[in-house]
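In listed order, ligands and their atoms are each counted from 1.
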Amino acid sequence: MRERPSAQLTVRPGGPLTGRFTPPGDKSITHRAYLLGGLAEGETRVEQPNPGLDCEATLSCLAALGVPVTRHEHGVTLRGLDMRLREPDRVLECGNSGTTLRLLAGPLAAQPFLSVLAGDASLHRRPVDRIVEPLRRMGARLSARDQDRYPPLVVQGGELKPIHYALPVASAQVASALLLAGLYAAGVTRLELPVPARDHTQRMLPAFGAPVRVAEGADRGVTLEVEGPVRLRATAMRVPGDFSAAAFFLAAAAATPGASVTAVGVGLNPTRTGLLDVLEAMGAKVTRRPQPTDSGEPYGEVTVTGPERLRAFDVPREWLPRLIDEVPAWAVAAASAEGVSTLRGAEELRVKESDRLAAMAGNLSALGTAARETPDGLIIAGGRPRGGVVAAHADHRVAMACAVLGTFSEGPVTIEDRATIATSYPLFAGTLAALGGHVDDPAPASTRT
Ligand code: S3P
């Protein structure tokens, strides 16, 4: 009989985390590699893709759009359709994945057919008006629930024209959707971001034969230009490890005296590694060892060693885009630091997989840390968390953050719904155990291969 996977994840306090680990392939980069591979002409081989459910959702949407997908020992090969996808005969299920839904809307806006993008309850609470508006300006017809604000999203694609568009939020998902749409529009599509966001799409498009002009704009902004029409050419790539997955162990190491963990083969793209700067400012020792790469994405090893006690730190507002997905991990470090740490300008976190400001403030409070949300941030008074039982809020990053907090709390921490972790990091609990974390049932049957 198959063992029933435990719904809960319990982590008990123990010795400090130590050792080396290899995080799974980067989720953001994997989505892009799959999408560009599906659009390119020829076979694109993607090695070490992220194995989580979000990237699986992108693959199954591409398969429903006619892209032949094959799996091999090292990853996935896609036989791209030379920019012309096929009309799907079913709803495109994006699961929990905002990146799948928003990025895919870009190329779908240029296809002469109807598609419907939908997902789980959490995805249906995340805004899509930010892509509906500019894609309409490019000439596509889109509509969405609740006055075009939330999924399901219906896209009736057609011929696109280029636009010059200033993004109201520095969203890499929106910029990427528009760059992908811009590949189809005759002329220059120009996008202005108020501050830089993760730049994986700009780095990857040239490898597929589509140059992107990048210029520093006024007031720290950045301008991106793509000139269409362009046809993509297949390529091969190896996805670097996911810094956002590694972040939980790095933050836990920073929070514990005597802890020292090394992430191996991890992406070190500076648009993603703001957490390292924050941990350094809080007194942790951070050693980055970049390795040569021809993939366009910096990567290497990073070691974080915990000091006797972290110091509280107010995260400067302008650092936030570089740690947008690491706020739950930062909150764990702040919960152990001496003094009161703050974060501001983070209202975007209210529309992630959960309302992360509310979820982290609520969970930290339930675990015995004095934490409170503000309209646009968090205030956390560090100490030794007591431990307890918390909800995952259908958010993989909230679940993983609270789990690593259990390595240095007084009592155990239990996450009620561990299944959500598989969104990005199915082997998270096993890695936590391998680094010395005391995890009940680190490899439930559902994650064994
Ligand atoms: C992502 C961009 C970010 C990030 C998300 C992944 C991407 O979202 O939070 O987890 O892969 O482009 P926004 O573009 O909404 O900031």
Would you check if the distance from the ring center of F428 to the ring center of F21 is below 6.0 Å?
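No; F21 has its ring centre 6.0 Å or more from that of F428.
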| said: So does A358 get a backbone contact from the side chain of D355, meaning a donor-acceptor N/O pair under 3.5 Å? | reply: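 It does hold such a pair.
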- Do side-chain atoms of S341 reach the backbone of F313 as a donor and acceptor pair under 3.5 angstrom?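 Indeed, once roles are kept as given, a pair shorter than 3.5 Å links the two residues.
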Checklist entry - Does atom CZ of R288 have more than 12 heavy-atom neighbours, drawn from other residues, nucleotides or ligands, at distances under 6.0 Å? => result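 Yes, the 6.0 Å shell around CZ holds more than 12 heavy atoms from other groups.
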Would you say that more than 12 heavy atoms from the other residues, nucleotides or ligands in this model lie under 6.0 Å from the CZ of R79, or not?
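Result for CZ/R79: open.
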Listed pairs under 3.5 Å, donor-acceptor, residues 36-43 side chains, sequence neighbours left out:
none

Residues in the immediate environment of ligand 1 (any heavy atom closer than 4.0 angstrom)
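Contacts of ligand 1 under 4.0 Å: S28, R32, T99, R130, S171, A172, Q173, R198, D325, K352.
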